Protein chains: 2
Amino acid sequence: MLEGSYIDETTPRPGERRIGPVSRPTRRGYHHGDLPAVLVREGVALLAEAGVAGFSVAKVAARAGVSSAAPYRHFPDREALLAACAAAILADLTGVLAWAAEQAGPDPVERLAATAGAYAGYVLGHRAGIDLVYSHDFGVTHREAVHEQSRRFMDVLMKLAADALPAGTSWAGVADLVYVHVSAAHGYAMLLAGGTRPPQNVEEHAARATAAARDHLTGHLARLRG
Amino acid sequence: MLEGSYIDETTPRPGERRIGPVSRPTRRGYHHGDLPAVLVREGVALLAEAGVAGFSVAKVAARAGVSSAAPYRHFPDREALLAACAAAILADLTGVLAWAAEQAGPDPVERLAATAGAYAGYVLGHRAGIDLVYSHDFGVTHREAVHEQSRRFMDVLMKLAADALPAGTSWAGVADLVYVHVSAAHGYAMLLAGGTRPPQNVEEHAARATAAARDHLTGHLARLRG
DNA sequence: GTCTATATGGCGATAGAC
DNA sequence: GTCTATCGCCATATAGAC
């Protein structure tokens with residue numbers, strides 16, 4: 001039921017793969033310290049390996065070492081678990097992007113461009129997981145947790161984009177840029193992640209995504225200047 | 001088994017939605033003139049409505065008005081039918097992109113940019129169908145039909161990109177641009193298509209995808225010129 | 001080539017013991 | 001909270017009649 005957040009609040013580094021609090025000290029003497037968190041963690045891992053199509057509550061339960069009925073004590077149905085996984089992925093990704101911008105130095109264009117590379121690197125590392133966030137229709141019931149994380153994700157990018165654009169650019173103008181920026185990074189990563197080929201050259205591909213974003217920003221700014 | 005091609009060889013117009021030869025004159029007195037073609041057509045329609053997750057041989061058979069066993073006379077398994085659908089979608093899309101470039105006039109940059117808008121428009125019109133092409137892992141057995149269409153798809157764009165780039169640009173340089181170009185269009189379309197919201201403003205979104213591609217090309221060319 | 005019928009198996013979800 | 005057991009559903013795929 002999503003009581004509380006399964007998301008690690010500390011900002012993760014790109015390589016770490018850490019998504020939820022793996023072992024928060026147990027509150028009482030249950031079999032698991034925190035089964036909901038374990039389920040989300042295993043769900044995210046399963047999504048990365050098998051995609052949304054290969055996702056099932058039973059498999060997640062088996063991974064977590066509990067019976068197939070156990071998850072239903074914490075999540076009312078499959079969609080709820082799926083939504084929790086999506087929210088966790090988005091939160092993690094947001095942290096990764098913020099961190100990448102931080103590392104990119106002071107130039108606003110470079111900071112925004114770096115998020116494209118980080119996005120591509122993240123998706124290549126997490127495979128199918130990310131397609132869930134965008135291509136799955138969450139029912140109204142479960143949409144909110146995902147939406148909240150989605151908002152935080154956009155906040156980070158909007159701020160970076162506003163810095164990169166001329167002072168006084170309208171909100172709509174900033175949003176347009178962010179949308180295209182995210183789209184391009186997403187598309188680049190999805191095309192790469194689509195094949196079965198292993199995620200080799202992740203660094204190189206991330207660098208290309210960054211370069212593409214830089215090119216786009218350059219052209220965009222040139223057009224704005226007339 | 002893909003004996004022959006179910007793909008309409010005449011170049012389709014963007015709006016038409018025509019994918020396979022719907023009623024090629026029957027050869028003998030069977031119930032259906034060409035069940036394989038009908039199955040592919042219905043499969044593509046089902047993919048557009050329900051996505052890969054909602055795809056099943058039984059549903060396609062029902063749509064085609066035959067029993068759930070009938071498809072297995074023509075396609076050895078579910079994957080084969082799925083691959084045939086993917087190939088049909090890719091072939092159709094290739095035609096749409098070529099047509100869009102044709103309509104865009106003589107300027108090479110505009111011609112290439114127009115394909116991004118056409119791509120976005122196509123995906124918005126066909127919804128989930130296109131994610132199959134990129135995000136589904138076809139087994140080695142069925143990969144070839146898809147791969148052949150994928151090659152033709154890239155050929156069209158490589159030619160357009162080569163025209164837009166400075167004379168003498170290396171093959172790798174052209175390929176890099178095409179990859180980023182397709183990725184951005186794909187990402188833009190997927191983000192839009194991801195939600196449940198109806199495909200309103202398709203024209204407007206296609207125009208934005210075109211503009212984004214134009215910006216990217218501008219920046220890319222500027223960087224090449226130093 | 002297409003049908004009816006069926007074997008097989010997985011998944012979602014619930015009931016009730018502990 | 002977790003388990004075992006189970007129901008119902010749907011999908012893939014096959015067997016054999018026509």
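Order of the sequence lines fixes the chain letters, A, B, ..., with proteins taken first and strands second; residue numbering starts at 1 for each chain. Nothing here was measured: the structure is a model prediction, and the numbers come from that model.
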Can you measure [X] atom [atom1] to [N] atom [atom2] for me and round it to whole angstrom units?
| X | N | atom1 | atom2 | value |
| --- | --- | --- | --- | --- |
| His74(A) | dC3(D) | NE2 | C1' | 13 Å |
| Leu39(B) | dT12(D) | CG | P | 13 Å |
| Phe75(B) | dT12(D) | CZ | C1' | 16 Å |
| Asp34(A) | dT2(D) | CG | P | 10 Å |

Validation row: Leu177(B), Leu112(B) side chains within 4.5 angstrom (heavy atoms) = yes
Quiz item: Does some side-chain heavy atom of Tyr122(B) sit less than 4.5 Å from a side-chain heavy atom of Leu97(B)?
Solution: no
Q.
Check this for me: does any side-chain nitrogen of one of Arg151(A) and Glu144(A) sit under 4.0 Å from a carboxylate oxygen of the other?
A. no
Side-chain donor-acceptor pair present, Asp77(A), Tyr72(A), cut-off under 3.5 Å: no
ask   = Quick one: do the His186(B) and Ser183(A) side chains pair a donor with an acceptor below 3.5 Å?
value = no
Is the centre of the Tyr188(A) ring less than 6.0 Å from the centre of the Tyr179(B) ring? yes
Per-nt protein contacts along nucleotides 12-18 of chain C (heavy atom under 4.0 Å; B base, S backbone sugar-phosphate only, - none) come out as SBB----
